S.K.: 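Have a look at the structure that comes next, please.
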Amino acid sequence: MYRHLERRLAQHVRDFLRRTYDLDLPRIVIEQPPTVELGEYALPLAFELAKKLRKAPRKIAEEIVAGIGPIEGFEKLELAGAGYINARVKRADLAAALAEDAKPPVQLPEGKVLVEHSSINPNKAAHIGHLRNAILGDTFVRLLQFAGREVDVQNYIDNTGVQVADVIVGFLHLEKKSRAEIEELVRAPRFDYYCWDLYARVSQWYEQDKQNLQARTETLHAVEAGGNETASVADLVSTAVLRRHLETMDRLDIEYDFLPRESEILHLHFWDAAFTKLKAGGVLFLETKGKNKGCWVMRRAGAVSTADTAELAEEDQKVIVRSNGTVGYVGKDIAYHMWKFGLLGRDFGYRKFYRYPNGHDCWVSTGTGALDHPHFGDVSEIYNVIDARQAEAQNTVIEALRGLGYNEAADHYTHFSYEMVALTPRCAAELGYELSDDDKARAWIEVSGRKGFGVKADDLIDTLIASAKKEVDARHAQLSDAERLQISTQIAVGALRYFMLKFTKSSVIAFDFKEALSFEGETGPYAQYAVVRATNIFRKGGLDPGGGDAASVSTAEFERYFSGETGNEIWELWLTASKTSYIIDQCIATAEPAYLAKHAFQLAQLFNTFYHRYPILAEADEGRKKFLLATVAVVRRELVRALAVMGIRIPPVM
RNA sequence: GGGCCCGUAGCUCAAACGGAUAGAGCAUCGGAUUUCUAAUCCGAGGGUUGCAGGUUCGAUUCCUGCCGGGCCUACCA
């Protein structure tokens, strides 16, 4: 509702400026006044117009306020300060619309959206860095779905890369395991933990003797080529680890629709199709001299030089095809992204891979697969949730699309970039890692899968559940253990998801158990608890928490209860509740889910203050009680909604 | 060397296109509970927004330079 009124206000102001001053402003800036007493919207545009109109800002503001006329849904406009125009909405009207959950129609862009996230190398257990990726990605999916978009969720699986080859080297060369032994291991619980340790050992083994790197090269070639025993073992191992990753993410209610794998990008010759187009389009150039002689190269994204591709200096070149004829990962990524936009002219085979407990199927790519399958790819917009370190590679893919003339696609390609999760030195020490003096002085230390340095995702989730369970056990001894465990899990997931979302994407998270395990203050459980309290009011009162019997407050009653100081205070709660879809729009437009986390916290905070100040069931005045109940119903509904978009559920009790 | 990001309270972070008195949480100190559950609420202290210039009616935000930190800059992915 809030965003609907904002648009109407902007439209009226725009019309007025055109009519009165013959001015066309592309953007009408609309803000929020510092306090709700001053109104619901603030327009600083008089300052901006002062120069153009050669008048004092106050004078312009006066003219606008006097001349704009009535606007549906608004009480009036007011002049404030040195030239602000504050708009007051008709509180009762907005509240009535909110109480009945009115949803003004919105225009949606055409076409499907594809979100790629997680994309964890299937050679070891997932860690906290992967959790940030998956939680950001999954939340963005939910944001888009809330806004009404159709979304494909993809998780790219690099099952033929160096990292998988390394762990296979571990099985075959270090441990000299037979296929039967590996098959046995794969069936053990948390097989990904085994790989975590083995992968770290392989890295050490390489460092002991550079000769050992020979095994990596041979193994990688065998895995890429396919159709041999090594590749078959690699498939066995990477598939088992992948399954573990899906299980881990499912604990957080994160699901995928499709898992495109690099093995199919290779074996279905996606690259050949892309290569032909890239050569024909002049995007790639065969270097004939210098360091990159014999390689097909393209302009590196961000290269300053404006020279032709053929004349680029070495440092501005990005090697796409090596001199031995093999293609690097950026090349494969270009082909994959042409497929995403339906520009490649080839498709994967598909088969079902994993069924979630709720019955949803996750598909995987294959050579020749099922005839009957959902249609993936061929979308109009994509978001790639990939950490900031890969910005240049992502931009190179975008430039390749542009170079081929696919500007429409390039314009709708968003690198959803976020910073890494690192460990505080204290956290690293707690985990038993030996730190150099240099490391001890740092603000954070980067997680490293190669060194086996990090916090594993399942370990963190287990710790959170155990910590929540202690609290739940102490508070709800009458419940069964299974019930207490389920509540603890919901709290743990709420805490973890909120923790990963409360930071803006550009902020490095310096991970610390103390903070992550907190259930108080600005946390997920704080917001969950507010909903549980709201629900309790209805339960104790024998009422429907949906607020069906509370939605019958008349406009006149709303007007009465929203006046005065108390009215302002409760109005602020309603106003904040009305902003959920507005905030969600902002999150999508800026690709920043943290705004929603802040919003949910703010709403929960206002509710807790309200809850403390107004005893509702004890309210003697029936009309006022009905109004207070309507307040709780609306706030509860919006809070449940906002949390659901963040993938956070509400426990029955806390 | 070049490119990108960051620097805000003791700590961890906010502040949408430049806007009204820079806000939260944690920590510290002081209060609130026979109540719709205290995983809560109220209050207090805590800031030269890294430094120096510039643009502007107005700068944490934009521009330039400097200081400090991180990442990228492989015929790895």
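Convention: sequence-line order gives letters A, B, ...; per-chain numbering from 1. On a predicted model such as this, the values are computed, not experimentally measured, just so you know.
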S.K.: Any side-chain N or O of A/Tyr529 less than 4.0 Å from the OP1 or OP2 oxygen of B/rC41?
M.R.: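 Negative; the distance criterion is not met.
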
S.K.: Between B/rA15, B/rA38, B/rA24, which nucleotide has the shortest distance from any of its atoms to the side chain of A/Glu522?
M.R.: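 Side chain of A/Glu522 sits closest to B/rA24.
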
S.K.: Kindly indicate whether the side chain of A/Thr609 and the base of B/rC41 share any N or O donor-acceptor pair separated by less than 3.5 Å?
M.R.: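 No pair found.
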
S.K.: What is the separation between atom OH on A/Tyr206 and atom C1' on B/rA77, rounded to the nearest whole Å?
M.R.: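 Nearest whole value for this atom pair: 14 Å.
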
S.K.: When the nearest nucleotide of RNA chain B is assigned to A/Leu617 and to A/Glu224 on a heavy-atom basis, which residue is associated with the more 5' position?
M.R.: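 Upstream on the strand: A/Leu617.
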
S.K.: Hunt down the Watson-Crick or G-U wobble partner of B/rG58, both distances under 3.5 Å, from any strand shown, or write none.
M.R.: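 Because no pair has both required distances under 3.5 Å, B/rG58 counts as unpaired.
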
S.K.: Checking base pairs now: Watson-Crick or wobble, both atom distances under 3.5 Å. What partners B/rC41?
M.R.: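 For B/rC41, the partner nucleotide comes out as B/rG31, under the 3.5 Å rule.
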
S.K.: Answer yes or no: does a side-chain N or O of A/Arg613 lie under 4.0 Å from OP1 or OP2 of B/rU35?
M.R.: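 Answer is no, no contact under 4.0 Å.
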
S.K.: For B/rG1, which nucleotide in any strand shown is its Watson-Crick or wobble partner with both distances under 3.5 Å?
M.R.: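 Per the H-bond distance test, B/rU73.
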
S.K.: Between B/rG46 and B/rU28, how many Å separate the two C1' atoms, rounded to a whole number?
M.R.: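 Each nucleotide's C1' atom is 10 Å from the other's.
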
S.K.: Just to be sure I understand the rule, does A/Ile30 reach a base, reach only the sugar-phosphate, or reach nothing, if contact means heavy atoms closer than 4.0 Å?
M.R.: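 Base contact.
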
S.K.: Nearest 0.5 angstrom please: A/Leu606 CG to A/Thr631 OG1, how far?
M.R.: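 Answer for the CG-OG1 pair, A/Leu606 versus A/Thr631, is 12.5 Å.
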
S.K.: Between A/Lys505 (NZ) and B/rC13 (P), how many Å, whole number?
M.R.: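 Atom NZ in A/Lys505 sits about 17 Å away from atom P in B/rC13.
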
S.K.: Once you apply the 3.5 Å cut-off to both distances, tell me the Watson-Crick or G-U wobble partner of B/rA9, or none.
M.R.: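 Check on B/rA9: unpaired, no WC or wobble geometry under 3.5 Å.
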
S.K.: A/Ile491 or A/Ala391: which one's nearest nucleotide on RNA chain B is closer to the 5' end?
M.R.: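 The residue mapped nearer the 5' terminus is A/Ala391.
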
S.K.: Is there a Watson-Crick or G-U wobble partner for B/rG65 with both distances under 3.5 Å, and if so, which one is it?
M.R.: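 Looking at the geometry, B/rG65 pairs with B/rC51.
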
S.K.: Is there a donor on the side chain of A/Asp333 or the base of B/rA77 sitting less than 3.5 Å from an acceptor on the other?
M.R.: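 Per atom types, no contact qualifies.
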
S.K.: Is there a side-chain polar atom (N or O) of A/Asn536 under 4.0 Å from OP1 or OP2 of B/rU37?
M.R.: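 The answer is yes; a side-chain N or O of A/Asn536 sits under 4.0 Å from OP1 or OP2.
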
S.K.: Rounded to whole angstrom units, what separation is found between the NZ atom of A/Lys502 and the C1' atom of B/rC13?
M.R.: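 Rounded to the whole Å, the gap is 7 Å.
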
S.K.: Could A/Glu264 and A/Arg261 be called an ion pair, given the rule that one side-chain N must be under 4.0 Å from one carboxylate O?
M.R.: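 A salt bridge links A/Glu264 with A/Arg261.
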
S.K.: Distance-only, no hydrogens or angles: does the A/Lys505 side chain make a donor-acceptor pair with backbone N or O of A/Ala591 under 3.5 Å?
M.R.: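 Yes, the answer is positive, given that a donor and an acceptor are paired below the 3.5 Å cut-off.
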
S.K.: Has the side chain of A/His476 got a donor or acceptor atom that lies under 3.5 Å from a matching backbone atom of A/Met654?
M.R.: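 Yes; at least one donor-acceptor contact below 3.5 Å.
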
